[in-house]
Amino acid sequence: MSLPPLVEPADELTVDEVRRYSRHLIIPDVGMDGQKRLKNAKVLCVGAGGLGSPALMYLAAAGVGTLGIVEFDEVDESNLQRQIIHSQADIGKSKALSAKETVQGINPYVQVNLHEERLDSTNVLEMFAQYDLIVDGTDNFATRYLVNDACVLLNKPYVWGSIYRFDGQASVFWSEHGPCYRCLYPEPPPPGMVPSCAEGGVLGVLCASIGSIQVTEAIKVLTGTGDPLVGRLMIYDALEMNYRQVKVRKDPNCAVCGENPTVTELIDYEAFCGVVSDEAQAAAKDATITPKQLKEWIDGDEKIDIIDVREPNEYEIVSIPGARLIPKNEFLMGNALGDLPQDKRIVLHCKTGVRSAEVLAVLKNAGFADAVHVGGGVIGWVNQIEPEKPVY
């Protein structure tokens with residue numbers, strides 16, 4: 001689907017800019033007009049992490065005149081395997097500031113606006129209104145639905161990407177010309193059903209593959225070049241080195257962009273997506289212990305069975321002494337229940353406490369009334385009890 005250019009061209013390019021962007025200028029489909037449109041464009045990148053890193057760097061190199069960065073986190077060592085906009089020297093620094101410094105090092109002609117705050121329903125409309133196009137580099141469902149709904153309400157196009165292990169997806173959502181994210185995914189998955197990259201991992205270079213596609217689509221939308229991925233979902237399998245596309249049609253019954261929308265203003269997206277299910281929250285109430293309490297039970301030879309519900313690869317990185325591994329899915333399938341002792345209290349833990357709360361709900365329903373889980377998981381254990389151990 002060919003679309004008109006999103007932005008008007010700037011008045012001119014300087015001599016230095018002509019030299020810098022010469023390889024764009026000699027492409028007939030970009031040329032002087034397209035480069036002037038990039039110079040005049042204002043693009044907001046949500047996140048300066050795995051997808052945001054290559055997106056921001058290539059948007060800057062391409063000559064997008066104004067780049068906004070929404071990011072509230074700090075650089076952690078575990079980021080550096082994939083978030084190439086940051087370096088070893090940036091550990092502990094604001095991700096937004098680190099990203100800005102890299103962008104300005106790539107292209108000093110780019111104006112960089114920092115939004116060092118968590119994106120939510122109170123600030124998203126005002127923030128998005130300042131930009132022509134949004135690039136979504138988020139890694140959680142609550143923010144994805146927030147970005148989508150805000151863009152629909154403001155009639156803004158946005159380029160979406162998603163990564164997990166060896167798989168990636170990308171599309172362009174623009175409700176004026178095609179479907180929105182809710183047309184593709186009307187409802188978020190049940191809490192705990194889809195693991196995050198922090199739980200399941202991601203191949204670092206996959207970020208570059210999907211992030212560069214996002215920038216390609218952004219340039220096409222801004223300049224009116226080619227056929228953007230509006231109404232199409234691109235799916236990438238890095239293991240098979242296979243790209244395929246799926247058509248996505250606009251849903252007339254879509255809750256936000258349909259003919260009779262039921263979502264006409266922003267909602268509570270954390271509640272909508274449910275980080276932890278209602279059953280898990282109920283199970284964890286009065287059945288959550290701290291890492292220090294667990295340490296006291298271990299030292300006091302309490303009759304407990306410590307069960308780690310993470311995946312084997314996570315268990316190999318770091319574990320709590322005495323814990324045995326039974327992945328969460330074994331409980332969800334019912335396979336693990338028959339192997340649990342009846343004469344010991346079950347103590348569950350995962351990385352941070354989300355997955356173990358979901359398993360706790362399963363055990364409570366199965367009659368293990370005194371089962372508990374460790375709030376903060378193995379991360380809390382390392383921080384409070386064994387700080388010399390690695391975290392991930």
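Leu13 and Leu38 are assigned to two separate hydrophobic clusters, defined by single-linkage of ILVMFWY side chains at heavy-atom distances under 4.5 Å. Neither Ile27 nor Leu25 shares a network with the other; the hydrophobic side chains, linked directly or stepwise wherever heavy atoms of I, L, V, M, F, W or Y lie under 4.5 Å apart, form separate groups for each.
The cationic atom of Lys156 (NZ for Lys, CZ for Arg) does not lie both less than 6.0 Å from the six-membered ring centre of Tyr131 and within 45° of the ring axis.
His115 places none of its side-chain heavy atoms less than 4.5 Å from the side chain of Phe72. No side-chain heavy atom of Lys42 sits under 4.5 Å from any side-chain heavy atom of Gln130. When side chains are defined from C-beta on, Pro188 does not count as touching Tyr269, because their heavy atoms never get closer than 4.5 Å. Residues Leu153 and Val263 have side chains not in contact (no heavy-atom distance under 4.5 Å, counting atoms from C-beta outward). With contacts defined as side-chain heavy-atom distances shorter than 4.5 Å, the pair Val256/Cys180 qualifies. Within the 4.5 Å cutoff, no side-chain heavy atoms of Ile210 are placed close to those of Ser162. Side-chain contact check for Pro312 versus Leu325: some heavy-atom pair is nearer than 4.5 Å. With contacts defined as side-chain heavy-atom distances shorter than 4.5 Å, the pair Glu71/Ser98 does not qualify.
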Task: Step-by-step salt bridge (charged side-chain N to carboxylate O under 4.0 Å, His left out) determination, Asp16 to Arg19 - done: CA-CA 5 Å; Asp16 289 338; Arg19 281 196 293 262; 2.3 Å; yes
TODO: May I have the step-by-step check of salt bridge (charged side-chain N to carboxylate O under 4.0 Å, His left out) for Glu217 and Lys220, ending in yes or no?
DONE: CA-CA 5 Å; Glu217 293 303 304; Lys220 287 160 62 178; 2.8 Å; yes
TODO: Determine, stepwise, if the pair Asp305 / Arg324 fulfils salt bridge (charged side-chain N to carboxylate O under 4.0 Å, His left out).
DONE: CA-CA 8 Å; Asp305 187 7; Arg324 63 190 181 106; 2.7 Å; yes
- [ ] Apply salt bridge (charged side-chain N to carboxylate O under 4.0 Å, His left out) to the pair Arg118 and Asp120, showing each step before the final yes or no.
- [x] CA-CA 6 Å; Arg118 184 186 295 271; Asp120 59 33; over 6 Å; no
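To the nearest 0.5 angstrom, Leu51 atom CG is 10.0 Å from Trp160 atom CH2. Here the CG atom belonging to Leu360 is positioned 10.5 Å from the CZ atom belonging to Phe331, to the nearest 0.5 angstrom.
Under the side chain to side chain donor-acceptor pair (under 3.5 Å) criterion, the residue pairs touching residues 178-188 are Asp149-Arg182, Gln169-Tyr185, with sequence neighbours excluded.
For the residue pair Arg165 and Leu206, the shortest heavy atom distance occurs at O-CD2, 3.5 Å.
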